Amino acid sequence: MIIRNIFYFCCLLCCTLFPVSGWSQKTFSQKETFNKTEDTLFDEAEYYFNEKNYLHALELFKNLYERYPGKNLYAYRLGICYLYKNDEVNKAMELLEEVFKLEPKSGEAEYYLARAYHLNYKFDDAITRIDALKKNKKIFNSRKTEIMRLREMCLNAKQLIEKATEVTIKNIGEPLNSGGSEYVPVITSDESVIIFTYKGARGTGGKMDKYGNPDPNGDYFEDIFISYKLGDKWLLPESIGENINSPGHDAAIALSADGQKLFVYKDTEESSGDIFMSYLEGDIWGYPIALNENINSKHWEGSASLSPDEKTLYFVSNRPGGLGGRDIYISKRQEDGTWGKSESAGVPINTIYNDDGPFIHPDGKTLYYSSEGYNSIGGYDIFKTVWQSDGKWSQPENLGFPINTPDDDKYYVEAANGQRAYYSTGKVGGLGFMDIYVIHWGIKEKVPAVALIKGIVTVDEQPAKSSIVVHDLMTTEIQGTYNSNSATGKYLVNLPAGKNYKINYSVEGFETQVKDVILADKDTFTEITIDIRLFTPGYVPGPKTKVDGKLYYSDDTSRAGKNLTLTIAGQDNIQMGKTVTNDLGRFTFAQLPAVQKYFITIDETDPDFQAKQFPAIEGIITVNDTPRAGINVNSAITDEKGFFKLKLFSYDTLPMDFNKLESMNFNDPALYQELVKKFGSVSAPGLFFQVQVAAYYDPSKFNPSHLKEVGELKVQKLNDGITRFAVGDYKTLNEAEMTRQRLVTKGINDAFVTVYYNGERKIWAEVVRNNFYQNK
């Protein structure tokens with residue numbers, strides 16, 4: 001794949017690339033000399049620096065700075081690089097202060113020091129340096145626009161921080177975030193699915209150079225990962241599939257409100273970057289198709305958002321004719337389904353600065369986007385504008401501090417209910433360079449006036465695809481056309497409140513089902529569930545499962561877990577029910593579809609749930625009132641009386657039950673997934689992982705020819721006479737788990753991960769005692 005106008009898409013998303021003029025060695029009073037080793041290292045560092053790949057340059061200049069102390073040029077370059085490392089911008093300030101003390105007449109050093117002060121919330125110090133720069137005609141004249149804009153942003157920051165927005169911002173944590181980078185999250189309107197761009201060891205292709213060639217010193221390219229919410233927990237993210245992810249860069253940029261259409265950014269031979277769209281067919285995402293020439297041009301297009309009625313596309317381009325750099329454009333869907341001629345969103349949305357990352361809320365009239373203009377605190381800030389009754393957009397409003405910071409804040413998406421929003425940034429204390437964060441709004445001044453209509457369409461109790469057409473009940477005009485998912489039967493429709501609607505559900509072979517939705521008296525968020533259950537003539541309903549149980553706070557059955565919310569899902573992670581335990585800890589899930597696997601989770605945000613608790617459940621499963629043996633519940637198997645007992649592990653506490661760890665094997669997926677989610681990205685000196693592929697007394701019976709692409713097989717014959725075949729020497733469990741999953745797809749269903757510490761194979765309890773978890 002050709003990667004032309006970007007070095008790495010992540011850098012473009014995360015860094016405000018101010019021009020960096022070359023500061024020659026002659027700027028310094030001291031004489032700089034280089035030996036060959038130093039000179040080679042410096043040339044490599046300068047190459048990445050001049051390419052604006054500051055994160056690669058940072059490691060090289062850090063090496064130079066530490067190996068050759070006292071050379072001001074290295075401190076200067078390293079200080080500039082740290083301006084682009086969000087979680088360590090304090091080091092930029094320290095280094096540039098050091099440089100400026102030695103070279104107080106260097107206007108360039110003073111300018112970058114002002115920027116460092118700004119990023120570290122030292123706005124008065126930044127303004128002092130900026131005002132001093134005005135006297136330096138040479139630097140001021142060459143950077144006048146940047147310098148004065150920086151001063152404006154410092155003043156904006158002081159004002160907005162004084163009236164901070166009352167929100168709670170939290171790192172979404174594992175398993176979504178890892179030691180890699182996760183950014184540009186997109187969600188379904190009900191928050192049941194999240195898709196994001198990922199750079200790390202679990203991606204396709206491993207480390208590569210900028211041309212896409214394997215390079216152990218290169219960088220990971222971008223892939224798209226997806227995760228599903230089960231109860232209040234996000235499941236371990238997985239690759240969205242080979243139809244979308246390639247060895248090149250693949251980045252998620254937008255998701256339709258119902259989760260059926262994904263917009264993807266790809267760099268192409270014909271342009272600087274184009275927007276593609278993939279359709280979800282059942283549980284498979286199809287090959288992305290480039291949008292037409294009314295959207296894509298020979299210039300850069302790289303952000304998008306689809307309106308909830310799917311009739312309007314908001315996207316970003318740097319094509320000529322805009323107000324400045326990147327502008328937001330709007331295109332309407334034509335009768336033939338193609339996108340019509342696009343027009344600039346114009347004033348007041350677009351500015352003379354860059355405007356990017358649009359997100360149209362499920363209410364259809366609130367547009368969030370990021371801009372370097374208006375009263376930005378620094379770089380991109382997130383703004384909100386609302387389509388008004390007079391047919392115009394309201395004046396954009398800065399979402400304020402702490403949502404917006406002196407660095408770039410972009411790619412904001414919000415749930416239909418307006419209670420939570422998601423975005424990505426790099427902060428001190430994160431798990432990786434870029435992490436996903438969730439914003440809890442709490443009480444909003446105005447709740448979105450939108451109705452979320454959701455449900456499941458089934459035929460003979462099996463998921464079915466249905467065409468769903470929504471009409472305005474008064475005008476009879478079509479509001480929108482949607483589909484239920486053929487694999488799950490699920491659908492999502494977002495409708496503006498204040499009107500009444502008629503919804504037609506059409507399934508092949510059945511009479512159209514009609515439902516009226518009355519929203520004329522609604523002016524706030526409303527959630528309505530409408531399930532469409534169809535049956536063929538003569539169909540006899542299948543068996544129904546009932547789960548009766550009791551929840552305890554721990555293995556000590558003297559303490560019942562009362563008033564706690566439980567969720568149950570089937571083997572495809574489809575939620576089947578939710579209930580609350582009574583004062584005795586008892587609960588019931590009734591009328592469940594009869595499947596072989598169930599998974600129960602607990603809502604750990606309940607007030608009665610406390611940290612470091614490991615709740616246990618005892619229960620009985622009956623099918624049509626008859627006890628059923630052999631049913632899997634969180635990996636516990638019911639006996640002949642239908643009885644099961646299991647322990648629920650908390651995602652937010654350490655699984656330090658040594659007795660459990662001592663006997664753990666990989667037929668215990670609940671515990672194994674617990675370890676993956678909590679510690680999958682952890683590495684430690686002397687620790688590595690392998691994936692055991694097979695074990696034979698007679699190794700000649702094993703044919704590994706179909707596993708060549710997985711990696712070189714290691715052969716080990718131990719004292720028990722068994723020959724074991726394994727692959728990899730992975731530094732993290734996540735890397736090993738990725739290989740294990742690949743092996744499963746090739747039919748090696750019993751492949752499992754083994755762990756080694758200082759060259760010796762260990763059981764998990766031994767690894768715990770060697771401070772593996774503490775290194776977290």
Side-chain angles (χ1 to χ4, degrees), residues 10-20 52 54-55 58 79-97 100 109-133 143 145-165 167 169 171 183 325 351 353-357 368-384 396-412 423-430 433-435 437 439:
C10 179
C11 292
L12 286 181
L13 296 176
C14 308
C15 301
T16 304
L17 298 181
F18 287 88
V20 180
K52 296 184 173 62
Y54 300 113
L55 299 183
L58 186 149
I80 293 174
C81 290
Y82 272 120
L83 291 174
Y84 300 96
K85 196 168 189 308
N86 313 58
D87 59 341
E88 293 188 286
V89 290
N90 60 307
K91 293 183 179 179
M93 182 176 64
E94 295 166 2
L95 286 162
L96 293 169
E97 283 179 336
F100 188 62
E110 190 165 22
Y111 165 68
Y112 285 110
L113 178 58
R115 283 187 53 194
Y117 282 141
H118 166 252
L119 289 173
N120 283 278
Y121 295 83
K122 292 182 174 292
F123 305 117
D124 289 333
D125 290 338
I127 291 171
T128 298
R129 297 272 62 86
I130 291 169
D131 289 344
L133 279 170
R143 291 189 179 275
T145 300
E146 300 161 39
I147 291 171
M148 295 312 296
R149 181 57 179 161
L150 183 59
R151 194 179 195 282
E152 289 176 7
M153 292 189 294
C154 288
L155 294 173
N156 294 338
K158 292 180 67 175
Q159 292 178 357
L160 288 171
I161 289 176
E162 284 183 1
K163 47 181 181 180
T165 306
V167 296
I169 302 176
N171 188 304
Y183 46 97
T351 68
Y353 300 96
N354 286 314
D355 306 289
D356 201 354
Y368 296 93
Y369 71 105
S370 295
S371 176
E372 294 178 335
Y374 293 111
N375 59 334
S376 167
I377 294 176
Y380 284 99
D381 274 10
I382 301 167
F383 290 81
K384 178 180 79 171
E397 171 191 349
N398 191 308
L399 293 192
F401 178 83
I403 295 173
N404 289 320
T405 68
D407 214 326
D408 283 342
D409 302 289
K410 299 176 70 177
Y411 305 106
Y412 174 101
Y423 76 121
S424 54
T425 187
K427 294 179 183 288
V428 176
F433 176 65
M434 291 291 291
D435 280 345
Y437 285 77
I439 301 170

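Quick caveat: nothing in here was measured; it's all calculated off a predicted structure. Start at 1 with the first residue, then count along the sequence.
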Spacing of Ile382 atom CD1 and Tyr412 atom OH [to the nearest 0.5 Å]
7.0 Å
When rounded to the nearest 0.5 angstrom, what is the spacing between CD in Glu94 and OH in Tyr82?
9.5 Å
Donor-acceptor pair, [X] side chain versus [Y] backbone, under 3.5 Å?
{"X": "Asp125", "Y": "Tyr117", "value": "no"}
{"X": "Asp381", "Y": "Leu399", "value": "no"}
{"X": "Thr425", "Y": "Asp409", "value": "no"}
{"X": "His118", "Y": "Ile377", "value": "yes"}
{"X": "Asp408", "Y": "Gly379", "value": "no"}
{"X": "Asn354", "Y": "Glu372", "value": "no"}

Walk me through whether Leu96 and Arg115 qualify under side chain to side chain contact (heavy atoms under 4.5 Å, CB included).
CA-CA 10 Å; Leu96 293 169; Arg115 283 187 53 194; over 6 Å; no
Any idea which heavy atoms bring [X] and [Y] closest together, and the distance?
{"X": "Gly373", "Y": "Thr351", "result": "CA-OG1, 4.0 Å"}
{"X": "Asn375", "Y": "Leu160", "result": "O-CD1, 3.7 Å"}
{"X": "Leu155", "Y": "Ile127", "result": "CD2-CD1, 3.8 Å"}

Report yes if the distance between the aromatic ring centroids of Phe123 and Tyr121 is under 6.0 Å, otherwise no.
yes
Test log, rule side chain to side chain contact (heavy atoms under 4.5 Å, CB included), inputs Lys163 and Phe401:
CA-CA 8 Å; Lys163 47 181 181 180; Phe401 178 83; over 6 Å; no
Let me see the working for Leu119 and Met93 under side chain to side chain contact (heavy atoms under 4.5 Å, CB included), right down to the final yes or no.
CA-CA 9 Å; Leu119 289 173; Met93 182 176 64; over 6 Å; no
Do other residues, nucleotides or ligands put more than 12 heavy atoms under 6.0 Å from the NZ atom of Lys122?
no
Criterion side-chain hydrogen bond (donor to acceptor under 3.5 Å, both in side chains) against Asn398, the qualifying member of Asn156, Thr165, Asn404:
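Between Asn398 and the candidates, side-chain hydrogen bond (donor to acceptor under 3.5 Å, both in side chains) is satisfied uniquely by Asn404.
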Look at Glu146 together with Arg149 and state whether they make a salt bridge at an N to O cut-off of under 4.0 Å.
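No, Glu146 and Arg149 are not salt-bridged.
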Donor-acceptor pair between Tyr374 and Glu397 side chains, under 3.5 angstrom:
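No, because no side-chain N or O of Tyr374 sits under 3.5 Å from a partner of the opposite role on Glu397.
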